[in-house]
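Convention: sequence-line order gives letters A, B, ...; per-chain numbering from 1. The model shown is predicted, which means the values in this text are computed figures rather than measured ones. Worth knowing before you read on, the calculation uses all heavy atoms, side chains too, and leaves out hydrogens, waters and symmetry mates.
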Amino acid sequence: MNNTEQEPVPHGKAAATGVAHREANGSFPIRITSFWSGRSELVVPALVLCLAGFLTYGTASMKVMGTSVPGPQFFPTIVCVLLYLMAGIHVAQILRTRRFPDESSESHSADFSTDLLADLSATDSKEIYGPSGRPVLGGRPRAYSDWKTLGMVAGSVAAFIVALPLLGWILSAAGLFWVVCRALGSNRPLFDLSVSVLFSSAIQLAFNAGLGLNLPSGFLEGLI
Amino acid sequence: MEQISMLLEGFGSALTPMNLLWVLIGAVLGTAVGVLPGLGSAMAVALLLPITFSLDPTAAFIMFAGVYYGGLFGDSTSGILLNTPGNSSAIASTFEGHRMALDGRAAKALATSAVGAFIGGLIATTVVVFFAPVLVNMATAFGPAEYFALAVFAFLAISSVVSDSVVKGLLSLGLGLVLAMVGVDGPSGTIRYTLGLPQLFDGMSIVVITVGLLALGEVLHIASRIHRDEEAVRVVSKGRPRLGLADLRRAMPAWLRGTAFGVPFGVIPAGGSEVPTFLAYGTEKKLAARNGDTDFGTTGSIRGVAAPEAAANATAGTAMGALLALGLPTSATAAIMLAAFQQYGMQPGPLLFERSGDLVWTLLASLFIGLVILVVLNMQFAVLWAKLLLIPRHYLYAGITVLSVLGVYAISSSLVDLWILLAIGLLGFLMRRYKLPLAPVLIAVILGPLAETELRRALTVSEGDLGILVDSPVTLVLYGLLAIALVITMIQHLRHRSHSKKNAPILDNDMAGV
């Protein structure tokens with residue numbers, strides 16, 4: 001990302017100690033322990049390359065119908081080239097510069113270039129999303145993303161999809177609501193339970209009675 | 001003036017008690033999602049789409065009109081009170097708005113932004129009423145090459161010119177185009193990239209993609225950060241939002257200047273209201289410096305709130321005009337509105353005014369009605385809206401998770417759709433984590449099929465001669481403007497990069513960027 005005011009440059013002499021200049025404000029701890037530190041972003045081009053590979057295979061093995069020129073393989077080929085090219089450049093960028101997530105600019109939307117907005121408004125780009133934190137070496141080894149909470153939420157959605165045909169809407173949606181609440185830090189399990197059952201039942205009622213859409217009732221079929 | 005009689009007819013059908021109720025519901029929903037940080041009108045419309053499927057299209061679009069403007073009314077509330085804008089369209093008005101709130105003038109800031117949003121929206125919608133037929137006439141002369149040029153312009157402007165990083169923007173664009181290509185290819189009937197799943201023959205539902213990226217993706221992103229980030233501190237707003245005569249006199253020129261920035265930007269595919277809001281904010285800042293206003297940047301200037309807020313809604317207003325008349329979505333939210341039209345079997349563009357003229361004019365009339373309802377809702381109940389921010393975040397996001405799966409299941413009662421939703425939600429999380437822009441995906445998913453069809457149509461006509469793509473003045477102007485914008489962006493990126501390299505601290509032997 002090239003919007004940050006303070007993009008560090010390589011410096012051979014500091015290598016011996018590996019200690020950076022500490023800045024009091026806006027700094028956060030990072031550690032460079034392995035090749036992968038600050039390079040986890042490689043997962044993005046990796047996924048893109050997989051997708052591009054699938055696209056290439058799909059385009060090559062496509063059973064083309066009709067004889068129109070250009071045919072259905074024309075546009076996908078252009079997209080494929082775009083994906084390979086951009087993924088390649090992205091890999092090179094990540095390998096050249098380690099990238100660490102910046103906690104202080106968490107609200108930063110990537111949809112808009114901070115530089116562009118700063119230039120348009122004659123404002124310092126730091127003001128737009130707050131000062132960008134500077135990585136400081138030797139911090140606590142803590143993952144930036146909270147994988148446990150994330151896993152619980154994603155897992156509960158997966159469990160919901162499996163459970164929906166078996167348990168029906170009311171029970172599975174209530175379960176989904178309850179688990180997400182717990183994962184996001186609610187500490188009133190019993191109260192949450194009543195909220196979630198109320199919520200899912202209200203939806204079932206509104207849907208079946210009001211909008212005439214059918215939600216599965218699972219094994220409760222006939223009981224309610 | 002044919003338009004006025006058409007509009008009056010539109011008012012006639014919009015002003016029924018039932019339709020007024022739909023506008024009101026839309027306005028309340030829109031303001032609510034606007035107030036809540038991270039949620040916006042695009043997500044709200046996507047979640048409502050499957051649920052409104054049993055309504056008649058007019059009622060649904062009247063409601064969407066309320067949601068569409070409502071999101072822009074609500075987004076400044078959390079910006080002013082919490083210093084966390086509800087949407088990126090409110091960043092520019094947050095600077096001065098939050099300063100005013102800290103100075104004890106929160107109510108005044110809220111009122112300024114509500115009236116600003118009203119004025120911007122009102123003027124822009126009026127402009128649309130008078131200029132939409134002009135745009136329609138222009139668009140009827142467009143052929144495949146012109147439509148392809150428009151799509152390319154939108155793709156590159158949103159993914160490269162305005163987004164943070166050109167490479168990431170183009171990656172997002174490519175991802176969106178891939179999602180759009182799944183399914184049976186229209187012109188030839190070839191089955192593409194479906195993995196043999198018959199459920200995918202019709203392509204991926206736009207609702208699944210939007211809800212996955214904007215709703216579930218946001219929930220997963222929040223989940224990954226909720227135990228890490230600190231909560232924002234809320235400024236309590238006291239008193240009713242009232243603007244005195246002196247305030248009105250000070251804010252009025254800013255409202256009008258902001259609107260002047262917003263109106264033209266609605267028609268340009270520059271991703272929405274961020275660019276014009278920042279332009280408006282910058283202008284007010286320069287004017288304040290010249291006039292010696294001391295409150296700008298210190299205690300908070302009323303003009304610094306007024307101009308960006310008017311610009312945001314003015315952009316949204318003319319964006320609706322470009323969508324209806326040209327079929328060109330200029331922002332992610334407009335793209336979802338386009339998808340909504342397609343769900344009901346309508347294609348915005350010149351033909352829409354002919355085929356569904358009633359609906360279009362009723363929709364335009366309800367945009368006016370929506371604005372009036374919204375300004376009342378936001379002036380009278382601003383304090384109440386701020387209370388929404390008190391809902392515990394775990395209930396809020398648990399509710400959004402359940403509504404996401406509900407919305408997606410309601411489309412076609414398909415479990416495959418739900419698995420796709422989860423996959424796209426995880427993609428949305430990854431994109432947020434690594435700061436890939438989301439808007440290009442939505443634009444690509446919605447304009448991708450159009451771009452492909454028009455490109456192939458143009459090349460079929462010319463028998464493979466690429467020259468046809470730049471054969472008309474319209475296409476030349478579009479590609480020329482795009483080239484200029486890209487060159488300016490490149491210069492800007494390079495300038496900022498060399499600037500940041502010069503000021504960079506020494507970190508260690510290896511490069512570390514943020």
Participant: Taking the side chain from S172(B) and the backbone from P437(B), do they hold a donor-acceptor pair closer than 3.5 Å?
Facilitator: yes
Participant: Please classify the contact of L82(A) with chain B as side chain, backbone, both or neither, using a heavy-atom distance under 4.5 Å.
Facilitator: side chain
Participant: So for L426(B), is it side chain, backbone, both, or neither that comes closer than 4.5 Å to the heavy atoms of chain A?
Facilitator: side chain
Participant: Against chain B, label L164(A) side chain, backbone, both or neither, depending on which of its atoms sit under 4.5 Å from a heavy atom there.
Facilitator: side chain
Participant: Under a 4.5 Å heavy-atom cut-off, does chain B meet the side chain of P165(A), its backbone, both or neither?
Facilitator: side chain
Participant: Quick check on Y409(B) against chain A: is it the side chain, the backbone, both or neither that has a heavy atom closer than 4.5 Å?
Facilitator: side chain
Participant: Is it the backbone or the side chain of A158(A) that comes under 4.5 Å from a heavy atom of chain B, or both, or neither?
Facilitator: both
Participant: Please look at P308(B) and chain A and tell me whether the side chain, the backbone, both or neither of the residue comes under 4.5 angstrom of a heavy atom of that chain.
Facilitator: neither
Participant: With a 4.5 Å cut-off on heavy-atom pairs, point out which of A223(B), G464(B), G174(B) contacts chain A the most.
Facilitator: A223(B)
Participant: List the steps, then state whether side chain to side chain donor-acceptor pair (under 3.5 Å) holds for S188(B) with T190(B).
Facilitator: CA-CA 5 Å; S188(B) 69; T190(B) 308; 2.7 Å; yes
Participant: Please classify the contact of A270(B) with chain A as side chain, backbone, both or neither, using a heavy-atom distance under 4.5 Å.
Facilitator: backbone
Participant: With a 4.5 angstrom heavy-atom cut-off, could you sort out which part of R495(B) is near chain A: side chain, backbone, both or neither?
Facilitator: side chain
Participant: Please identify, among V275(B), V161(B), L195(B), T283(B), the residue contributing the most non-hydrogen atom pairs under 4.5 Å to chain A.
Facilitator: V275(B)
Participant: Could you tell me which portion of S196(A) (side chain, backbone, both or neither) has an atom closer than 4.5 angstrom to a non-hydrogen atom of chain B?
Facilitator: neither
Participant: Please classify the contact of F160(A) with chain B as side chain, backbone, both or neither, using a heavy-atom distance under 4.5 Å.
Facilitator: side chain
Participant: So which part of L51(A) gets closer than 4.5 Å to some heavy atom of chain B, the side chain, the backbone, both or neither?
Facilitator: side chain
Participant: Which atoms of T59(A) are under 4.5 Å from chain B, going by heavy atoms: the side chain, the backbone, both sets, or neither?
Facilitator: both
Participant: Which atoms of R433(B) come close to chain A, meaning under 4.5 Å heavy atom to heavy atom: side chain ones, backbone ones, both, or neither?
Facilitator: side chain
Participant: Below 4.5 Å from any heavy atom of chain A, which atoms of L216(B) appear? Answer side chain, backbone, both or neither.
Facilitator: side chain
Participant: Which one, M86(A), M152(A), K148(A), leads in non-hydrogen pairs under 4.5 Å with chain B?
Facilitator: M86(A)
Participant: Find out whether P72(A) and R456(B) are in side-chain contact, i.e. whether some heavy atom of one side chain is under 4.5 Å from a heavy atom of the other.
Facilitator: yes
Participant: Go through V405(B), L459(B), L430(B) and name the one with the most non-hydrogen pairs under 4.5 angstrom from chain A.
Facilitator: V405(B)
Participant: For M431(B) and V441(B): C-alpha separation, side-chain torsions, deciding distance, then whether side chain to side chain contact (heavy atoms under 4.5 Å, CB included) applies.
Facilitator: CA-CA 10 Å; M431(B) 294 181 67; V441(B) 181; 3.5 Å; yes
Participant: Sort by residue number and list every member of residues 172-179 of chain A having a non-hydrogen atom under 4.5 Å from chain B.
Facilitator: A173(A), L176(A), F177(A)
